[in-house]
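Let me begin by handing over the structure; questions about it come next.
Fair warning: this is a prediction, and the values are worked out from it, not measured in the lab.
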Amino acid sequence: MTENAEDALFHPACEPSDSSLATTSSLAATSSCTTDSSTDPAALAVPQAARHGEPRTFHGDTFIDDFAWMRHKDSPEVAKYVAEQNAYCDARTAHLGTLRATLLDEFRSHVQETDLSVPTRIDDYWYFTRTQEGSQYAVQCRLPIRGADDWDAPVIDPASAPGSLDGEEIVFDMNAEAEGHDFFRLGGMDLSRDGRFMLYGVDTTGAERYDFRIRDLWQSDATQRDLPDLLPGICGACLTPDAQWVFYSVLDDAWRPYAVMRHRVGTDVSEDVEVFHEHDERFWCGVGLSFDERHIVIGTGSKTSTEVLMLPIDDPTGEFQVFIARQPDVEYDVSFACFEQAGAPDANGQRADIPLAIVYHNANNPNFEIDVIDMRDHKPPYTLGEGVRVAVGSPYGCEQGDLVVEGASHEPIATPWSVDTNPAILQGAKGLGIEGIAIHRHFVALSYRESGVPHLAVCAKDDAAQDFVEGRPWRFTEVVPPTLDVDTCDDATATEEMAEITKKLNLTTQRLYSIGAGGNPNYDAPRMRYSFGSYTRPSELHELDVRTGEDRLLKRANVLGGFDARDYTEARAWVDVRDGERVPVSLVWKRGQLKAGMPMFVIGYGAYEISSDPGFSVSRLSMLDRGVLYAVPHVRGGGEMGRAWYEQGRMLNKKHTFEDFVDVTAALEDSGLADTARTVANGGSAGGLLMGAIANMAPERYAGIEADVPFVDALTSILDPSLPLTVTEWDEWGDPLHDAEVYRYMKSYSPYENAPLPREKTSSAEGEADCADEAGAGAGRVVYPKIFVTTSMNDTRVMVAEPLKWVARLQAAGVDAIMKIEVQAGHGGTTGRYKQWEEVCFENAWCLDVMGIER
């Protein structure tokens, strides 16, 4: 809920983004992936995985796992199998070399490769990120401010070389740091208040264990810049403003951040002191500084409960104190600010500041509320619900909604919600979820969700102070980005056929955008920065003077190659799914190409209350330009319609996620808009579980499915508490180890157990084609889609054994499945922007090929 200076420090604002960069690269140096091949697919041998039946018995049920041996990822047998799968993938996709090269050329034609972000002021410097043509990584730089009142970002020529400006310093050159590493990722940066010392973490394997060091940025000798201090293999860390102390979180064998340590700069790590230990295996912990930098804050939480502990920054060796004691199934967060000179006048007419604690929690409402506590009243600990309520979400459709309004739990999620304490702009909102608030010296920013999309509202600080003192709703106004001169489209009604399809889908062309406050690490900044972007509009960074209403565009992502946002259109449809819920669907297409029977790329996630919000993608343009319909079903399990949307797609409601996706796909196809024979689905991680589930539930609806780092052996993993993350995941999926009902429910949808039954012999791609129509979910004869899987050997979130086993079983059943395995990478795939571009073009070429698009 609070803005974080570390997050904003080097964020490259307004670069063309890509949401589908789960990437891989080949392990085996076999056939080329960039040239055409005349290899006959029918002559290619499918990798043969040994089958050693290993029983898995729980709750009286036994499952024979033929490929359990693949969990030993470092064994020679797995290494051999991985090499064979990569070689097979190379050979099976070699004919796509020309298409991949074309897609990569198109991608690069749209990207301004030499560019920089808008400088962001932190303390006495302006920080910005440079990217240079030909360089894989960014260069972090800074310039000193011109004075205490310097709040206008310097204008810099993007073509200038890093370090070439008067006073410019290169803070961190990732290209130089990454030399000699196939994988390189930063795990965070933190600065001392004077800008001299920088704490930074690096991961060179993809295992998400970072080595943290401290760099003296004022040291001119590059070989002497790093201090001797080394914090190896940790999760995250923060540096106190005086650079005397580092607080950091460490991981256990299950990759759970379980403890916080204190390190005095200049001492050996063996002298570090444990200051907090989280004994509950469902909880993670992390440490950072409060926004006002007055406290060191430890946050600990499970999927359903959180707790905050605090320590004054001027007492770093003291004892952390609980702000509000944890409660089962209650989440909260806290930040601090003040209303300057808003107190009652004293005898001399002087007004004191009102110190504030801003508490965000769901103790009294499942869709969260924000309370502001006057800290003059008493010292911590405080209680949830104390203070003045600023905003509260909708209880409709939530599991605990009846505790707010009688009968609310059974009301439709989209029921309009009104309550006297809410600001006027929130009255009557549908699916209202409160997401956070940020209080600065001159403005207040409120983030919330309504009708499936994010919103941002602002209030002048003095107005908020007056409303707080006088006990009335705060005077927020919504921030609405500027429109294009053509923000509507008549494609949906251009023909009688399309008008009929539009009616069936409840299709309305409208603005679908993401918006949020960002890049505001300074409490004293006079203006608020916010970002905006959509499926068709490249991201923009704005600066808003909340008092005057002046809205200034700081930067719009420069998409080259003749791109014009007016050439593309986005729309929202609502689909009635099988249990009566209405699921929102975002649709994107190239203007003038909306018609019946389109090839469709449909993408989904649906877990952890993560919303699939609108965002621009350069790689998507190549699909849209080829007449592909891009569809995003906002399935339950995500957070698009608030907490109820999440609750209805988790635990024993998880199947709603899969059913929503299938029903939306069916609606788009049955309406006549999309062609079943040219529909390809995509999802990654938990979205990969979604892909595996829909492949078993409705294989006839998809020509192909791309599953990235897929969580497809979910039940096996969640049954093993020794694996990374398992125990913490029980609050998301349920605990099948101790609950037979959860076990049976998860087994009924887990993709691996429900994949087609293995056949005794499968020796060629031709054989695959012959038996693909026999590959069903263990019964019946249906057409099974082509499958393309990406994964990484060092993934600690979805262990590589999961996709390896799934593909082995699919191939053994005669399914046309291929897999691309990255050796030096983790859950997020490979690093380096050019490598990522190549990989997303590799993936998109496969998808287009399945759609029958060869050009």
Original post:
If we ignore angles and hydrogens, is there a donor and acceptor under 3.5 Å between the side chains of Thr120 and Arg529?
Top reply: yes
Original post:
For the residue pair Trp806 and Phe711, is the inter-centroid distance of their aromatic rings smaller than 6.0 Å?
Top reply: no
**OP:** Check the pair Glu839, Lys820 against salt bridge (charged side-chain N to carboxylate O under 4.0 Å, His left out), reporting the backbone distance first and the verdict last.
**Re:** CA-CA 10 Å; Glu839 294 307 325; Lys820 201 166 187 289; 3.0 Å; yes
Original post:
Between Pro710 and Thr790, which heavy-atom pair has the shortest distance, and what is it?
Top reply: CD-O, 3.6 Å
Subject >> Any side-chain heavy-atom pair of Gln321 and Leu311 under 4.5 Å >> reply: no
Original post:
How are the rings of Tyr210 and Phe212 set relative to one another: parallel (under 30°), tilted (30 to 60°) or perpendicular (over 60°)?
Top reply: perpendicular
Original post:
Below 4.0 angstrom, N of the basic side chain to O of the carboxylate: do Glu177 and Arg213 qualify?
Top reply: no
**OP:** Could you tell me how the ring of Tyr834 sits relative to the ring of Trp837: parallel (under 30°), tilted (30 to 60°) or perpendicular (over 60°)?
**Re:** perpendicular
Original post:
Which value, rounded to the nearest 0.5 Å, describes the distance between Met651 atom CE and Thr304 atom OG1?
Top reply: 8.5 Å
Original post:
Any donor and acceptor pair, going by atom type alone, linking the side chain of Thr204 with main-chain N or O of His181 inside 3.5 Å?
Top reply: no
Subject >> Polar side chain donor-acceptor pair, Asp720 to Thr726, under 3.5 angstrom >> reply: no
**OP:** For the pair Ser290 (side chain) and His295 (backbone), establish whether a donor and an acceptor sit closer than 3.5 Å, ignoring hydrogens and angles.
**Re:** yes
**OP:** State, with a plain yes or no, whether a side-chain heavy atom of Val269 is found less than 4.5 Å away from one of Leu230.
**Re:** no
Subject >> Glu319 atom CD, over 12 foreign heavy atoms within 6.0 Å >> reply: no
Original post:
Going by distance alone, is a donor N or O of one side chain under 3.5 Å from an acceptor N or O of the other, for Asp524 and Asn522?
Top reply: no
Subject >> Thr129 side chain to Ser117 backbone, donor-acceptor under 3.5 Å >> reply: no
Subject >> Salt-bridge criterion met for Glu168 and Arg130 (N-O under 4.0 Å) >> reply: yes
**OP:** Determine the minimum heavy-atom distance between Val709 and Ser792, stating which atoms define it.
**Re:** CG1-N, 4.4 Å
Original post:
What's the shortest heavy-atom distance between Tyr258 and Asp252, and which atoms?
Top reply: CD2-N, 3.4 Å
**OP:** Go through the steps to decide whether Phe197 and Leu191 satisfy the test side chain to side chain contact (heavy atoms under 4.5 Å, CB included), and finish with yes or no.
**Re:** CA-CA 6 Å; Phe197 294 100; Leu191 292 160; over 6 Å; no
**OP:** With the side chain counted from C-beta on, respond yes when Trp733 and Arg650 share a heavy-atom pair under 4.5 Å apart, and no when they do not.
**Re:** no
Original post:
Cut-off 3.5 Å, side chains only: do Gln140 and Tyr200 have a donor facing an acceptor?
Top reply: no
Subject >> Residue among Val273, Ile298, Ile296 satisfying side-chain contact (heavy atoms from CB on, under 4.5 Å) with Val260 >> reply: Ile298
Subject >> Pairwise distance CZ(Phe172) to CG(Leu217) - rounded to 0.5 angstrom >> reply: 10.5 Å
Original post:
Should the pair Asp216-Arg196 be classified as a salt bridge under the 4.0 Å nitrogen-to-oxygen rule?
Top reply: yes
Original post:
Does the side chain to side chain contact (heavy atoms under 4.5 Å, CB included) test come out yes or no for Val82 and Met793, once each step is laid out?
Top reply: CA-CA 9 Å; Val82 167; Met793 292 298 289; 4.0 Å; yes
**OP:** Please determine, by modelled atom types, if Tyr248 and Asp272 share a side-chain donor-acceptor pair under 3.5 angstrom.
**Re:** yes
Original post:
Going by distance alone, is a donor N or O of one side chain under 3.5 Å from an acceptor N or O of the other, for Thr306 and Arg326?
Top reply: no
Subject >> Exercise: identify the closest heavy-atom pair between Leu251 and Gly233 >> reply: CD1-O, 4.0 Å
**OP:** Determine whether the side chains of His440 and Asn520 contain a donor N or O and an acceptor N or O closer than 3.5 Å.
**Re:** no
**OP:** Supply the atom-to-atom distance Thr791 OG1 to Met819 CE, rounded to the nearest 0.5 angstrom.
**Re:** 7.5 Å
Original post:
Between the side chains of His361 and Gln327, is a donor N or O closer than 3.5 angstrom to an acceptor N or O?
Top reply: no
Original post:
Okay, side chain of Ser717, backbone of Ala714: is any donor-acceptor separation there less than 3.5 Å?
Top reply: no
**OP:** For salt bridge (charged side-chain N to carboxylate O under 4.0 Å, His left out), just list the numbers for Lys303 and Glu729, CA-CA rounded to whole Å, side-chain angles, deciding distance to a tenth of an Å, and then say yes or no.
**Re:** CA-CA 8 Å; Lys303 294 290 191 299; Glu729 293 294 301; 3.0 Å; yes
Original post:
Quick one: does NZ or CZ of Arg441 land under 6.0 Å from the six-membered ring centre of Tyr523, within 45 degrees of the ring axis?
Top reply: no
Original post:
Does NZ or CZ of Arg262 lie under 6.0 Å from the centre of the six-membered ring of Phe276, at an angle within 45° of the ring axis?
Top reply: no
**OP:** Give, for atom CG of Leu309 and atom CD of Glu278, the distance between the pair rounded to the nearest 0.5 Å.
**Re:** 9.0 Å
Original post:
Any side-chain donor-acceptor pair under 3.5 Å between Thr300 and Glu307?
Top reply: no
**OP:** Please step through side chain to side chain contact (heavy atoms under 4.5 Å, CB included) for the pair Leu239 and Phe247, ending with a clear verdict.
**Re:** CA-CA 7 Å; Leu239 182 69; Phe247 288 80; over 6 Å; no
Subject >> Exceeds 12 heavy-atom contacts within 6.0 angstrom, atom CZ of Arg225 >> reply: yes
**OP:** Ignoring hydrogens and angles, tell me if any N or O in the side chain of Asp353 forms a donor-acceptor pair with the backbone of Pro355 under 3.5 Å.
**Re:** no
Original post:
Below 6.0 angstrom between ring centroids: does that apply to His378 and Tyr382?
Top reply: yes
Original post:
Where do Glu169 and Arg142 land on the salt bridge (charged side-chain N to carboxylate O under 4.0 Å, His left out) test, with the steps shown first?
Top reply: CA-CA 5 Å; Glu169 300 175 49; Arg142 70 182 182 186; 3.2 Å; yes
**OP:** Give me the ring orientation class for Tyr137 and Phe184: parallel if the planes are under 30° apart, tilted from 30 to 60°, perpendicular past 60°.
**Re:** perpendicular
Original post:
Would a distance-only check, ignoring hydrogens and angles, find a side-chain to backbone donor-acceptor pair under 3.5 Å from Arg833 to Ser135?
Top reply: yes
Original post:
Of all heavy-atom pairs between Ser305 and Phe283, which one has the smallest distance, and what is that distance?
Top reply: O-CE2, 3.6 Å
Original post:
Does a salt bridge link Arg185 with Glu208, judged by any charged N lying under 4.0 Å from a carboxylate O?
Top reply: no
Original post:
Rounded to the nearest 0.5 Å, how far apart are CG of Leu719 and CG of Asp735?
Top reply: 8.5 Å
Original post:
So, for Tyr360 and Tyr332, is the gap between ring centers shorter than 6.0 Å?
Top reply: no
**OP:** Would you please test Val712 and Leu689 for side chain to side chain contact (heavy atoms under 4.5 Å, CB included) and show each step?
**Re:** CA-CA 5 Å; Val712 283; Leu689 166 64; 5.6 Å; no
**OP:** Using a strict 4.0 Å threshold on nitrogen-to-oxygen distance, state whether Glu293 and Arg193 make a salt bridge.
**Re:** yes
Subject >> Pair Lys805 + Asp65, salt bridge at N-O below 4.0 Å >> reply: yes
**OP:** Hey, could you give me the CE/SG distance between Met189 and Cys238, rounded to the nearest 0.5 Å?
**Re:** 16.0 Å
**OP:** Report yes or no: do Asp194 and Trp218 form a side-chain donor-acceptor pair below 3.5 Å?
**Re:** no
Original post:
When Arg71 is tested against each of Glu77, Glu54, Glu802 for salt bridge (Lys or Arg N to Asp or Glu O under 4.0 Å), which residue passes?
Top reply: Glu54
